[in-house]
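Shown next, in C-alpha cells, is the structure this report addresses.
Computed from a prediction, not measured in an experiment: that's the story for all the values here. This chain uses plain numbering: 1 for the first residue, then up along the sequence.
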Amino acid sequence: MALSWNEIKDRALNFSKEWAETSNEEADAKPFLVEFFNVFGISSKRVSTFEHRVKKLDDKDGYIDLLWKGTILIEMKSRGKNLDKAYQQAKDYTHGLKQHELPKYILISDFENFRLYDLEEDKVVDFKLSDLVNNVQHFGYILGYQKKVYKEQDPANIKAAELMGKLHDRLEEIGYTGHPLEVYLVRILFLLFAEDTTIFNKQQFQDYVEQRSAEDGSDLAAKLQELFQVLNTPSEKRFKNLDDQLAEFPYVNGKLFEENLPTASFDAKMRQALLDCCYIDWSKISPAIFGSMFQSVMNPKERRNLGAHYTSETNILKLIKPLFLDDLWKEFENIKDNKNKLPEFHKKLSTLKFLDPACGCGNFLVITYRELRLLELEILRASNKTGQRVFDVREIIYLDVDMMCGIEYEEFPARIAEVAMWLIDHQMNMQISNEFGQYFVRLPLKKAAKIIHGNALKTDWENVVSKNELTYIIGNPPFIGKKEQKPEQKADMEMLFANAKGTGVLDYVTAWYIKSAQYIQNTKIKVAFVSTNSICQGEQVGLLWSLMLNKYKIKIHFAHRTFKWSNEAKGNAAVYCVIVGFANYDTNNKSIFEYEDIKGEAHEIKAKNINPYLVDAKDIFVGKRRKPICNIPEISFGSMPNDGGNFLFTDEEKNAFIEQETKAEKFFRPLISAHEFLNGHKRWCLWLKNANPTDLKETKLVTERVENVRKLREQSTRQATQKLAAFPTLFGEDRQPKSDYVLIPRHSSENRKYIPLGFFDENSIASDSCLFIEGAKLYHFGILMSSIHMAWVKSVCGRLESRFRYSKDIVYNNYPWPENPTDKQIKAIETAAQKVLDARLEFPKSSLSDLYDPLTMPPVLIKAHNELDKAVDLAYRPQPFTSEANRMVFLFELYEKYTADLFTKEKPKKIKKTK
C-alpha cells in the first residue's frame, strides 16, 4: 500500500535529521539512497541498480551511482563538491543508455544540497537536506501522483497506439484472432496503465516480463496466463507457494481477468514488442483519446489515419457544458459557502446517471465522468476549507463509474470503454490523493460502467438503465448518409420510422433521435447529440422534426449551429456538424451557439424558441413545393447533356475542332456551368436543336459525335436513357429558356457572403449544375443577391459538405418575397442591383469567385451590396434588421402568413415588368 503524503513527510523529517548528523567520513552513497527511497515507501532493490556501468563518449567505462531505468538517474558527490560538474557528468552518462533507459529526472546531491532536474519540463529545483520535507512533492513522479496535462494530439497517444498495433499484428500473424485477441489486448492495456499510475507498483508489469520470462519469448504466454489468473484471485485464496513477484500484484476483479482465454504464443520479437509498450510512460496517455486510437490500430486502413477517429475533448465539452455542466457549476458557486446545502448538492451529483447509446470507446463517458469528479473535488475543497484533515477519504467520495452506461455495436470498443472508465476513475483518485494526503485506490474493482455490446436501435434501453434513474443521454451516433447505409442499417431505419413516407432519405443518426424521443416520454431526461448538419437543413428537417415535435412533443433546449469538426490527423476529411439538446418538456432558458467562422469559436445567443432550423423562431417546416408561394417567375434546372462528353469542349478543343470542321462553328454555343460561371472559365457545347439535317450531313466530325452519343445511350442500363438514343442530336434533358434569364449556381462556397448570380441571353446554354429564372428582372436579381435572402438560404438550404446547395423546391419556391412593395421600393432595389453589376464590370479580369471572396472583395462592390441590402430590407419593413437572426424571425413569420393564406387571400403584388 502506498504511503500518504503525511507519512512521507514524517519519514522525510527523520531522514533529514539522521543524515544531518552524519560526518563526511561516514557519508556513503548507497545507504543514503536506500534510505532516501524508503522515505517514499519504495524498495531501491526493486526499482534501481547501484553503480550501473555505462560507456561514456570517450569509450571509457563510467559508473552511475543509482539508475532507475526510464525514471531517474542519481549522482552523489562528497559534501562541498561542485554540483554543476556533477550534473555534466550525469548528462555524459546518459549517452551510454538505451532509449527506454533514459531518465526523466536527474538528481544531484552532496548529502547536504539537492538539485533535481526535470528533463522533460526543463526545470530545476534546489533545496537543502533540512528542507526535504517541504520538497517531497517534487518526487511525486516516482509515485505516479503528478498531474498530467493532456493534449488532443499528444504524440505519446499516437506512439502508444502504434506500438500496440505492432503487438496486435504479431499476435494476429500467429493465428491469435477474434474475441480472444481483443480481450487479450484490453488486458495488456490495463496492465500498462496500471504500472505507471500507481494501481500497481512502478514498472511492476515490466519487471515481471523482463525478469520472469526468457528472452526468446517461449515462456511468456504461460507467464501472462499465470498473471491473469493471479489478478483475478483474492490474496487470501492464492496459492501459498506463489512466486513472490506474482504475489505482489493486487487483486483486480471487475471481471476484467475472469474469462479463461486460449493461451497465446510469443517469440523474441513479440516479447520485445510488449516491452516496447512497457517503455512508454502510460501516465501521460489520456483514456479519453487513446481508446479510439487503440481501436484504429485493429484496422490497417484506419491505422494510416491514426488519431482521426476520436471525438475531441473540445467537441465533447461543447455538448456537455450547456446540457448540464454549466448549470451544475453555477449551482455550486451559489451554495459553496452554505454548509447545509453543500452536502445536499454533493449527494445530488452522485445520483446523476448517463447513457451514451453509441459510446464507441467511451470518449463522452470518460470526459463527462472526469468533469464531474473535478466538480466533486471542488465540493470537497469547499467542505474542508477550514483546514480540517479528512481522516478517511473513501467516506467522502460519492461518485463512481457505475453512474455511466453505454451501448456499443462492436465488442472491442465496448470493452475498451469499460477499461477506460476504470482508468480515468483511478487518475481522478490520484488527484484526490494528492489533494488530501491520503493514498486512495479502488482495488479490488467492485463497480463498473455498464457497457452493453449490442445494436442500440434494437436494444431496449430500459434494460440498460431505467428511465426512472436516468438523467442525461449524450453522444455522437454514427454519421451515415442514405447512400452509405448498409441493408441492415436501412432495416433499422424502417423499423424506427415505421416506413413513414419519405424517411428513406434521412441520415442514420436520425434513428437515435427518434429512439431517444420515444424513450424519454413523460420524463425530465435531457438529450444531446452531435450530428451531421444535414438533419437541420433541407428536406430532412420536415421528415425528422415533424415527428420529433408533433408526435413526440420534443422541445429543443440548446443548439450549436454548423461548425467544422476535424482532427489534426493527416487526410482526415472534415465533417460539418451541429449539436442539438432537447427534452420532452419546455424551458425558458434556451441558447443558440452561433459561429461567425465555422472553424472558430461560438458566441451564445439567448432564444425564446429554437426551431428545427436552429433559429430563434416558431416551429415551422419548410417542405418541398413545386410552385413559388409568391407571384414571381418560376425557376428551373439547367439542361443535362447525357452525352458522355461528346458535345462538350474547352476553348482549345473548340478551336481545334473548327479548324478541322469549319462549317461546325455555327453549332457552338457557350455552356454555362457553375464552375465556369464562378471561376471565369469558358466552355462550349454543340447545340444541335433545330439544326438543318443537310448542314449536319456536311459536318462529318459532328455526325461522328452524334453517333457516339446514340451508341452510348443505347448501351445504358437505364431504360429512360435508352429511349433518348432516338434523339442523339439533343441534350438528354433540354430545358433551355427562350429568353434572357438569371442564372444561379446550385452549389456555392459557404465562405461567400452572397451567392453570385448573373444575367444571360437565350444563346448561352445553362447546364444542369445551375438553376435559371427565365424572365427575371433587376428587381428579382436584387432580392436574390441580398443579405436577407442569404439568411434564408443559410437556414433552409441543404449542404454539400459545408457548401450551400441552392434548391428550387425548398429554397426558392418557399422564399417569402416582400409583401406588396411600392413602385418606389422596387425602383430603389433595381437601381441598387444595377450598381452591383456595374461594380463587377470595373474588374473585367477578375472572376466572380475572386470578387466575392471575403478577403479580396473590392470596396466598391461591398458598398454596392450594402446599398442593395438596405433597399431590400426597406421593402420588407421600415425598421432596420439588427442581425441575421433578426431577419430570420421576420422571414419565418412572413412565410407562416403566406402559406397559411395561400389559397384564401390575395397573393403578394405581382411585379410589373420594367425596361
Please report the C-alpha distance between N646 and L648 in whole Å, then the side-chain angles of each, then the deciding distance to 0.1 Å, and finally whether the side-chain contact (heavy atoms from CB on, under 4.5 Å) criterion is met. CA-CA 6 Å; N646 284 285; L648 309 181; over 6 Å; no
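- Scored by the side chain to side chain contact (heavy atoms under 4.5 Å, CB included) test, K666 finds D695 as partners (sequence neighbours excluded).
- The ring of Y576 has its center no closer than 6.0 angstrom to the ring center of F563.
- No donor-acceptor pair under 3.5 Å is formed between the side chain of T510 and the backbone N or O of L506.
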I would like to know whether F647 and W687 meet ring-ring contact (aromatic ring centres under 6.0 Å, His included); could you show each step before the answer? CA-CA 8 Å; F647 290 156; W687 189 252; 9.1 Å; no
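- We find that K608 and D616 are not joined by a salt bridge, their nearest charged nitrogen and carboxylate oxygen being 4.0 Å or further apart.
- Rounding to the nearest 0.5 Å gives a distance of 10.5 Å between CG of L841 and CG of L861.
- If you check the side chains of Y852 and H865, you find a donor sitting under 3.5 Å from an acceptor.
- Atom NZ of K490 has more than 12 heavy atoms from other residues, nucleotides or ligands within 6.0 Å.
- Within a 6.0 Å sphere centred on CD of Q879, heavy atoms belonging to other residues, nucleotides or ligands number more than 12.
- Evaluation of the ring pair (Phe, Tyr, Trp, His ring centres under 6.0 Å) test over residues 608-631, restricted to residues two or more places apart or in two chains, returns Y613-F892.
- Put simply, the side chain of E707 never gets that close to the backbone of V702: no donor and acceptor are under 3.5 Å apart.
- A donor-acceptor contact under 3.5 angstrom links the side chains of D838 and Q834, judged on distance only.
- Relative ring orientation between H780 and W817 is described as perpendicular, the plane-to-plane angle rising above 60° on a 0-90° scale split at 30° and 60°.
- The heavy-atom pair separating F582 from I556 by the smallest distance is CB-CA, 4.1 Å.
- Annotation: cation-pi pair K318/F593 absent, no NZ/CZ under 6.0 Å from the ring centroid and within 45° of its normal.
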Pair E762, K738 - check salt bridge (charged side-chain N to carboxylate O under 4.0 Å, His left out), show working. CA-CA 5 Å; E762 61 184 293; K738 295 179 175 61; over 6 Å; no
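- Under the 3.5 Å distance criterion, the side-chain polar atoms of N533 are left unmatched by any main-chain donor or acceptor of C536.
- We find the NZ-CE distance between K794 and M888 to be 11.0 Å, quoted to the nearest 0.5 Å.
- There is no side-chain donor-acceptor pair under 3.5 Å between D619 and N611.
- For the pair R805 and R746, the minimum side-chain heavy-atom distance is 4.5 Å or more.
- Inter-residue side-chain proximity for I773 and I632 is flagged as unmet; no heavy-atom pair is nearer than 4.5 Å.
- For the atom pair CZ (R710) and OG1 (T703), the distance works out to 12.0 Å, reported to the nearest 0.5 Å.
- Considering all non-hydrogen atoms of both residues, I829 and A875 come closest at CD1-CB, 3.8 Å.
- Defined by atom type and a distance below 3.5 Å, a donor-acceptor pair is present between the side-chain atoms of S739 and E774.
- Separation of atoms CD1 (I765) and CZ (R669) is listed at 6.5 Å; rounding is to 0.5 Å.
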Show your working on salt bridge (charged side-chain N to carboxylate O under 4.0 Å, His left out) between K711 and E714 and close with a plain yes or no. CA-CA 5 Å; K711 288 180 179 177; E714 279 182 344; over 6 Å; no
D873/R887 under salt bridge (charged side-chain N to carboxylate O under 4.0 Å, His left out): CA gap, chis, key distance, verdict: CA-CA 9 Å; D873 285 353; R887 286 187 170 101; 2.7 Å; yes
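- We find the CD1-OH distance between I635 and Y812 to be 6.0 Å, quoted to the nearest 0.5 Å.
- With a 6.0 Å radius and a threshold of 12 heavy atoms from other residues, nucleotides or ligands, F727 has its CZ atom at or below the threshold.
- Heavy atoms of other residues, nucleotides or ligands lying less than 6.0 angstrom from CD of E601 number 12 at most.
- Of the listed residues (E659, E661, E653), just one forms a side chain to side chain contact (heavy atoms under 4.5 Å, CB included) with F657, and that residue is E661.
- Side-chain contact between H681 and H675 is present, with heavy atoms from C-beta onward closer than 4.5 Å.
- A donor-acceptor contact closer than 3.5 angstrom links the side chains of D869 and S787.
- Few gaps surround NZ on K654; more than 12 heavy atoms of other groups in view lie less than 6.0 Å from it.
- With V622 as reference, I810 is the one residue of V811, T899, D809, I810 to meet the side chain to side chain contact (heavy atoms under 4.5 Å, CB included) rule.
- Between the side chains of Q540 and D507, at least one donor-acceptor pair of N or O atoms lies under 3.5 Å.
- A donor-acceptor pair under 3.5 Å is absent between the side-chain atoms of Q715 and the main chain of L712, judged by distance alone.
- To the nearest 0.5 Å, atom OG1 of residue T562 and atom CD1 of residue I579 are 11.0 Å apart.
- Salt-bridge check for E733 with R735: passed, with a basic side-chain N closer than 4.0 Å to an acidic carboxylate O.
- Partner of F677 under the ring-ring contact (aromatic ring centres under 6.0 Å, His included) criterion, chosen from F760, F772, F759: F760.
- With ring centers used as reference points, Y806 lies 6.0 Å or more from H747.
- Side-chain atoms of K627 and E634, non-hydrogen and from C-beta on, do get closer than 4.5 Å to each other.
- For the residue pair H789/Y754, the side-chain donor-acceptor check at 3.5 Å is not satisfied.
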Can you list the steps and then say if K618 with E893 is a salt bridge (charged side-chain N to carboxylate O under 4.0 Å, His left out)? CA-CA 8 Å; K618 289 184 178 180; E893 289 174 353; over 6 Å; no
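- Using modelled atom types, one finds a donor on one side chain and an acceptor on the other under 3.5 Å when comparing S767 with S769.
- The ring-ring contact (aromatic ring centres under 6.0 Å, His included) test with F529 is passed by exactly one of W512, Y513, F479: Y513.
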